[in-house]
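Input: a single structure, listed below in structure tokens.
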Amino acid sequence: MTKRTSQLPGFYKMTIDDRRNLVGEATGVDAAEIAHALAAGGLAAATADKFVENVLGVYALPYGVTLNVCVNGQDFVVPMVVEEPSVVAAASSAAKMVRAGGGFHAEVDPPLMISQVQITHVKDAAAATSRILDAKAEILAKANRAVPGLVARGGGTRDLEVRTLGSPIDEMIVVHVIVDCRDAMGANLINTIAEGVADRLAELAAGNVGLRILSNLCDRRCVRVGCRVPAKVLATEHMDGHAVIDGIVNASRFAELDPYRAATHNKGIMNGIDAVVIATGNDWRAVEAGAHAFAAQSGRYAPLSIWRRDGDVLVGSLELPLALGTVGGTLRVHPSARLSLEMMGIAEAGDLAAVAASVGLASNLAAVRALATDGIQRGHMALHARAVAVAAGAVGRDVERVAAMIVEARDITVQAARRALDVLRSDRPLDQQGEGATADA
Ligand code: MEV
């Protein structure tokens, strides 16, 4: 039995094949299966043609893994699908800092989704509300009959509520049927329920059926993640850990006071969450819609995470709604999405939400730490410089050396990298001029 670990030092320096082998050993998934599930982006055009309409082909994105993630005492190698450089590296490095303080602690609500039925042209909203509430048991039973598979899996309706929405022309009410979706994201189930009970609700309300659809503001399906990071692991070359904590708390306060900053702060959180959501075949538009509606729920757009000091420790907390599935939908047909769950050893939707939110908090920590210390460009530049060094022909240890030289020279171009490489090579004795190539290869 594999001892799952997410700590794989030197991972970024390895070849793709070696990384697959190591992740295979660390997660118990066969390296050949990893290669197979990710070949050509994991999706053949013929399969894509069954997903959506008018298909011409598939569009691939990088599939990386975040390391060092420990949630509720368990290690996860977390897949991230994202096109933005440094997001994966930043999340891995922040997760390592969080690990030094005991890892992430996550708590997940039951998978309750809201099915909305709008009823228009209601003459007497109060009377309609009381007639619907009196018929609650009947409506919930009718809704359950529309989703027998879900009920057989232990899910189904849990509650019903009626809200009155004022309108200048007439009264409008909306009925929320609260449904436990188990390990499904739930959109299809919830929409089926809304359509299944709408006529009866309109009859009870003496009104007309309006929209019948889920709400993406699934605020009964939230996840809360916290972490405690010791000052000493936050220190940088130029700032001690206590100064970094002050800087991060300052960044948090900025986001709490200013919606313009809160939007960017939350974008940093979603960098991590979306990447995991996409890697696991989930609906990232639904997650985004829910996250930002939740962030604005007080009437003022706010940050989803908060950072504070507790003595020598930085304390972070994040809360957001997260409707993720580990069954059905894209998972049925996308081998890479199935691979992602297998690599994490996750079967339950709640566990996936806990891990995705933890990676969101890690991404946020990495971003605010960088912003509060060296600024975001330095890290970006270092990564960019490595890619430029490789493009100029550097291999092995020369990649880091050349990258450092062009960053130092503030000239991150392929031409500058070629010149740096020539200097490195010409400084070596003739018989060692290939050293950079072999040292790390
Ligand atoms: C960039 O993708 C994300 C950041 O802008 C987040 C932030 O400002 O907190 C760096």
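As the structure lists them, so they are numbered: ligands from 1, and atoms in each ligand from 1. What you see below is based on every heavy atom in this structure, not just the backbone, and it leaves out hydrogens, waters and symmetry mates. Computed from a prediction, not measured in an experiment: that's the story for all the values here.
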Check residues 58-74 and write down every donor-acceptor pair under 3.5 Å in which the side-chain atom is one partner and the other belongs to a residue at least two apart or another chain.
| residue | atom | partner | partner atom | Å |
| --- | --- | --- | --- | --- |
| Y63 | OH | S340 | OG | 2.7 |
| N68 | ND2 | S92 | O | 3.0 |
| N72 | OD1 | A106 | N | 2.8 |
| N72 | ND2 | A106 | O | 3.1 |

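- Under a 3.5 Å cut-off, the side chain of S252 and the backbone N or O of W307 do form a donor-acceptor pair.
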Find all protein N or O atoms under 3.5 angstrom from an N or O atom of ligand 1 and list the pairs with distances, or write 'none'.
| residue | atom | partner | partner atom | Å |
| --- | --- | --- | --- | --- |
| ligand 1 | 2 (O) | E84 | OE1 | 3.3 |
| ligand 1 | 2 (O) | E84 | OE2 | 2.7 |
| ligand 1 | 2 (O) | K267 | NZ | 2.7 |
| ligand 1 | 2 (O) | N271 | ND2 | 2.9 |
| ligand 1 | 8 (O) | R261 | NH1 | 2.9 |
| ligand 1 | 8 (O) | R261 | NH2 | 3.4 |
| ligand 1 | 9 (O) | R261 | NH2 | 2.7 |

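- Counting only residues at least two apart or in different chains, side chain to side chain donor-acceptor pair (under 3.5 Å) contacts with residues 29-52 are absent.
- For residues 258-272, every residue pair satisfying the salt bridge (charged side-chain N to carboxylate O under 4.0 Å, His left out) rule, not counting sequence neighbours, is listed here: E84-K267.
- Between H292 and Y301, the ring planes lie parallel to each other; the angle is under 30°, not in the 30° to 60° tilted range.
- R153 places no side-chain N or O within donor-acceptor distance of the main-chain N or O of G155, the cut-off being under 3.5 Å.
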